[in-house]
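Since the structure comes first, as structure tokens, the remarks are kept for the end.
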Amino acid sequence: MAGMRRYACGVKNWKRIMLAAALLGLCPAAQAVQVVMTGGVALRSWENDRGPLAHDNWWANFVRASTIQMDITLAKDPQAKIVWLVYRPAYVTRGKENKTDYLARIRELAAKRHVKLVFFDTMDQMYKAINTAARGNDRITHFYYFGHSNPYAFMLDYSNFLVAASTVWMHENDLAKRLKPGIFAPNAECWSYGCYTGCSMSQKWKQATGAPMWGNTESTRYQPVGDGHLPQGVGKWVQ
């Protein structure tokens, strides 16, 4: 009888193991997601009168920096899942100014790399795009921002709708309220290539997401992107 009981227990355990294996097979494995967010470019008609303070001589400063980062990732892992978020209105207005369809160019760059392109127009759309970039068990393992910023916010439309000012931004005080908990992997790598992010926003980012974000304590230079290199910070890179 004891032998029969042991046999019966063994059968039950085996059934549990098989059931667990079947359930695991129904649950897809978590996938790493990289998010690249590209801020808007300034209008030259407003910047031309600002002398040494002028920004964005080249319309594609932030776009080119974004594609450089994506190419670095894809060289390491051609199957990497990348979601590219782009602030659309700024490239519409700069395109009208330069009589060029920059949205079409951005679409071509995304298609060439087989990445998911998401245009957004508002702060609500921006947060929704980030919160839904990683679905189900997926997690954001890398986040990169290329665009204008100050110590406290990503300024997505700087000097595009108002000269030397922004009307659409991601502010450090909104992060904890607007970003969905748990969308970032615990060891996620985050970088801001905006100016002065390391002075304050990097710390608030970690408090809100659990992931530290590298930011520079001073301005960020985009001249290197023309030679195929990522932007350089004038100050220190800190988290």
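Just so it is clear, the structure is predicted and the values come from calculations on it, not from any experiment.
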Close side-chain approach of S202 to Q239, heavy-atom, < 4.5 Å: no
Any side-chain heavy-atom pair of Y87 and D157 under 4.5 Å: yes
Using ring centroids (six-membered ring only for Trp), state whether [Y] and [X] fall under 6.0 Å.
X    : Y    : answer
F154 : H148 : no
W169 : Y152 : no
W237 : Y193 : yes

Charged N-O contact under 4.0 Å between [X] and [Y]:
X    : Y    : answer
E97  : R94  : yes
R113 : D71  : yes
D138 : R135 : no
R178 : D124 : yes

Short side-chain to backbone donor-acceptor contact, D56 and W58, under 3.5 Å: no
Polar side-chain atom of E172 near backbone of M201 as donor-acceptor pair, under 3.5 Å: yes
Connected via hydrophobic side-chain network under 4.5 Å: M213 and Y144: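 As far as the 4.5 Å side-chain criterion goes, Y144 and M213 are not connected within one cluster.
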